[in-house]
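Lettering of chains follows the sequences in order, A, B, ..., and the numbering in each one begins at 1.
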There are 2 protein chains.
Amino acid sequence: MQHTIDRPYHHGDLRRTILDTAMAMLHEDRGWQFTLREIARRAGVSHAAPYKHFADKASLLAEMALIGFDRLREALSQDKPDASGSLRDAFFGMGRAYMRFATANPGLYRLMFSADAGRQPADVHLDERALAACEPLIALLMRGQAEGTLRPRDVRGQMAACWGQMHGLALLTIDGLLLPEKVGADALDNALMTLMEGLEA
Amino acid sequence: MQHTIDRPYHHGDLRRTILDTAMAMLHEDRGWQFTLREIARRAGVSHAAPYKHFADKASLLAEMALIGFDRLREALSQDKPDASGSLRDAFFGMGRAYMRFATANPGLYRLMFSADAGRQPADVHLDERALAACEPLIALLMRGQAEGTLRPRDVRGQMAACWGQMHGLALLTIDGLLLPEKVGADALDNALMTLMEGLEA
DNA sequence: AAACATATGTTGACGATGGCTACTTGTGGA
DNA sequence: TCCACAAGTAGCCATCGTCAACATATGTTT
């Protein structure tokens, strides 16, 4: 008779709870060095319970990374005000949205691109999801080229330039390597501007 | 009488051996999940011996990261053919040198920017070293502005743009997210070109 | 030359982790 | 009603990082 009234033998939705708890801990520690056992402890279940829902720790991390990419994609698709407004505004908006997502979820963002998130097995899914998150960007680039606002270059190259820029700036910012006092208050906007000018015709 | 003739009680230069071994394992596994004990094993010493030279595992990682930044700086300074040659060539040379370093030492590169490399204590050194590695880039940018080849913008912003671009592309490449079949064969050069055009006057 | 302080290695232990197996307890369909 | 199966538990194992106590070289002082 170990169980309280509040917690019956079967948790009900342990899988969801585990994911939520892990996300919360990720947010606290900004590093994914949380332990499976600690998650189980917080969820109020035994230390082996999570293994009924995830094959191993890497699987949990991989799933979290997938969720992260979905959220990122959503964040990028969101504040794109359709085809109204100038391309430049849309571009800056998307860039800032990307940075906002990364800096608001530093732990998640790092996890998404971490080798620890199970980079061995069918992580193809992860890669696919990552590239899918870039689709709003590709759409924006194609629109720009169609308008004639952007130079008519290989879109994939431009995509690589933008994504690389965003990804790098995001990680450097998360790591505290782009502190305003070292690199200027609006270095981020300046960097975005430089990139934009490289894209524009 | 445990000791062979070859291995006396005192190793001689264990600290160096540990670092070398760790670097080698970093190169093999492409992840810094090697264990202190495995290093000791390979070095042929007891599992606690490393603690006479490094306070803890994080200290070892931090020192390796430091070495990494020094090597990166060296790699960037190296193939810069002084003030001869066009700025454009120098820029592309440096960009490719950066990518070459990162892709040739994926594990090391990730470690350098990893939170696991002891981001708590006097990691100020790490940050300083990281920024120091960018000095060759800053010099190049200032030269370009002086020549009038580059737009007269805040150098720190341009630095952020370049570093962000390089860092992001490097990590995405290491993670296999910029596969040629997905993003074009010469996406890297295209991205560099886009960046360059954003910098040029 | 003898004695000692110190740097360097070794041994054994502790707590904690990820992961596995065997067992228990609910739950829903024949 | 009964039973197969999902979901949770208890306990074990190898391993890890780290620490304290001990052993052994090295070199400095007298």
Send over the distance from [X] [atom1] to [N] [atom2], rounded to a whole Å.
{"X": "A:F54", "N": "C:dC20", "atom1": "CZ", "atom2": "P", "result": "16 Å"}
{"X": "B:Q33", "N": "C:dT17", "atom1": "CD", "atom2": "P", "result": "16 Å"}
{"X": "A:R37", "N": "D:dC12", "atom1": "CZ", "atom2": "C1'", "result": "10 Å"}
{"X": "B:Y51", "N": "D:dC19", "atom1": "OH", "atom2": "C1'", "result": "9 Å"}
{"X": "B:I18", "N": "D:dG17", "atom1": "CD1", "atom2": "P", "result": "13 Å"}

Worksheet item: Does the A:S77 side chain pair with the main chain of A:R73, one donor and one acceptor, at a distance under 3.5 Å?
Response: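 Looks like yes, one N/O pair under 3.5 Å.
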
Select one nucleotide: of [options], the one nearest the side-chain heavy atoms of [X].
{"X": "A:T35", "options": "C:dT10, D:dA10, C:dG18", "value": "C:dG18"}
{"X": "B:L36", "options": "D:dT9, D:dG17, D:dC16", "value": "D:dG17"}
{"X": "A:R41", "options": "C:dT17, D:dT9, C:dT10", "value": "C:dT17"}
{"X": "B:A49", "options": "D:dG8, C:dG9, D:dC16", "value": "C:dG9"}
{"X": "B:K52", "options": "D:dA21, C:dG12, D:dG8", "value": "D:dA21"}

Practice prompt. Spell out yes or no: do the side chain of A:H47 and the base of D:dG8 have one donor N/O and one acceptor N/O closer than 3.5 Å?
Written response: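 Counting by modelled atom types and ignoring angles, no donor-acceptor contact under 3.5 Å is found here.
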
Worksheet entry | Quiz item: B:K57 side-chain donor-acceptor pair to D:dG17 base, under 3.5 Å |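 Between D:dG17 and B:K57, which were checked side chain against base, a qualifying N/O pair under 3.5 Å is absent.
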
Worksheet item: salt bridge (charged side-chain N to carboxylate O under 4.0 Å, His left out) with B:E197: which residues, sequence neighbours excluded?
Response: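 If we apply the salt bridge (charged side-chain N to carboxylate O under 4.0 Å, His left out) test to B:E197, skipping adjacent residues, the hits are A:R151, A:R153.
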
Worksheet item: So, do B:Y109 and B:H167 have ring centers that fall under 6.0 Å from each other?
Response: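 Centroid separation for B:Y109 and B:H167: below 6.0 Å.
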
Discussion item. Does anything in residues 170-189 of chain A form a ring pair (Phe, Tyr, Trp, His ring centres under 6.0 Å)? List the pairs, not counting sequence neighbours.
Written reply: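 For residues 170-189 of chain A: none.
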
